[in-house]
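What follows is one structure encoded as structure tokens, with my remarks underneath.
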Protein chains: 2
Amino acid sequence: MLLQMAIDRVSLEEAERIIREAGDSVDIIEVGTSLIKEFGITRSIEGLKSRFPGRRLLADIKVMDEGAYEFGKTYEADADIATVMGVAAMATIEACRDTARCFGMEYMIDLLETPDEKIRALAAFGDAIFCLHLPSDLAGEGLRELVIREKILLNRSSRTAAAGGVTLESIPFLKQAGVDIAVVGSAITKNENIGRAAAAFADAVHE
Amino acid sequence: MLLQMAIDRVSLEEAERIIREAGDSVDIIEVGTSLIKEFGITRSIEGLKSRFPGRRLLADIKVMDEGAYEFGKTYEADADIATVMGVAAMATIEACRDTARCFGMEYMIDLLETPDEKIRALAAFGDAIFCLHLPSDLAGEGLRELVIREKILLNRSSRTAAAGGVTLESIPFLKQAGVDIAVVGSAITKNENIGRAAAAFADAVHE
């Protein structure tokens, strides 16, 4: 399993400091939606990638419309992975997939609030990573049930990430459920000792 | 009926030029999602509002999560109206509504890809403006059917906007259907004569 660290609701200087302190414990650096919306694609995505060129960077751009345009801008800013919402129109998700292929990059379909029948249909996107995602406005209640239900709706071969209230205690469950990426936000980034928190998650995720 | 002009996929300098050329024909200036994501909230929303302080400005921030945080940032940047997706979690939409009330500002619930039963539940948000919204990745096909269906799912008193392939020819239909705001994008902003195109839409919308 891989560890993805989601960075949100901080300045770009703080984001840089967080990435340095977390160090190599983290496999994927997520430039959170709030950073992209507050500071724009160029300053947030391209800015952070240029400071950490060797790192795998996911841009949580959360596309709902204008798939080709938004994905194009995101990959041009050097993101390795871009996100589209599972609740977006099928035509939008297809445009995102095609743009990802065109750039030779990866894409994630975020299943936040996506109805079951739509998830079943999305399973056909064989090269996507699916994010099993509990809204943060729900404060972490119900992640396990959501992971179990949505894993069944997808294909056995679908790559998955889990996000929304992931704790150190929930990592063994996520591994057992076959989740490929654990997405951790404030449990690392708002920790007093970011390096130690990231290392603890890395130990649990990588063991 | 009011005319909302959506500005997308241009530089901020071009956005400024478009707003000047469209002039007073336009009632609501929409800072499109692409401008917010590309240039960030401060440069796009606050930047344009500071140049056009007397104008009513809608920020198409399309919140999917972190309702209070994203709406707070949007209103702090002086937007008059902020948007949240109808497909977001109910807790997220409630957080957006509460933040809008706290700032004494307006909010729009964007019904892009929102299932019928969710639209019925959202009708309870009596102070919202609802955007009946065809994905632009569908290229304008089916807007009338969508408006008719979604108007029935909402309350008679719900305020509504229509977006996605609105043409000069579709304005009489939208008025007859009781839509309060016509959202027009590239039909004005990509027109060779922006002032004339905006005036033509304004004539049809306001008559």
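Here is the naming used below: chain letters follow the sequence lines, and residue numbers restart at 1 for every chain.
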### Summary
Rounded to the nearest 0.5 Å, the OG1 atom of B/Thr42 sits from the CZ atom of A/Arg43 at a distance of 8.0 Å

### Task
Would you mind telling me which of A/Arg9, A/Lys62, A/Met64 has the largest number of heavy-atom pairs within less than 4.5 Å of chain B?
A/Arg9

### Query
Roughly how far, to the nearest 0.5 Å, is CD of B/Glu113 from CD of A/Glu113?
14.5 Å

### Task
Kindly check if the number of other-residue, nucleotide or ligand heavy atoms within 6.0 Å of CD (A/Gln176) is above 12?
no

### Query
Just wondering, more than 12 heavy atoms not from A/Arg196 lying within 6.0 Å of its CZ?
no

### Task
Using a heavy-atom cutoff of under 4.5 Å, enumerate the residues of residues 83-93 of chain A that contact chain B, numbered in order, or state 'none'.
A/Met85, A/Val87, A/Ala88, A/Ala89, A/Ala91, A/Thr92

### Message
I'd like to know which of B/Leu35, B/Ile36, B/Ile41 tops the heavy-atom pair count under 4.5 Å against chain A.
### Response
B/Ile41

### Query
Which distance, rounded to the nearest 0.5 Å, do you find between the NZ of B/Lys37 and the CD of A/Glu38?
14.5 Å

### Message
Heavy-atom cut-off 4.5 Å, strictly under: side chain, backbone, both or neither for B/Ile61 against chain A?
### Response
both

### Task
Would you please go through residues 68-80 of chain B and name the residues with a non-hydrogen atom below 4.5 Å from one of chain A, in numerical order?
B/Tyr69, B/Glu70, B/Lys73

### Task
Using atom types as modelled and distance alone, determine if a side-chain donor or acceptor of B/Asp65 lies under 3.5 Å from a backbone N or O of A/Pro135.
no

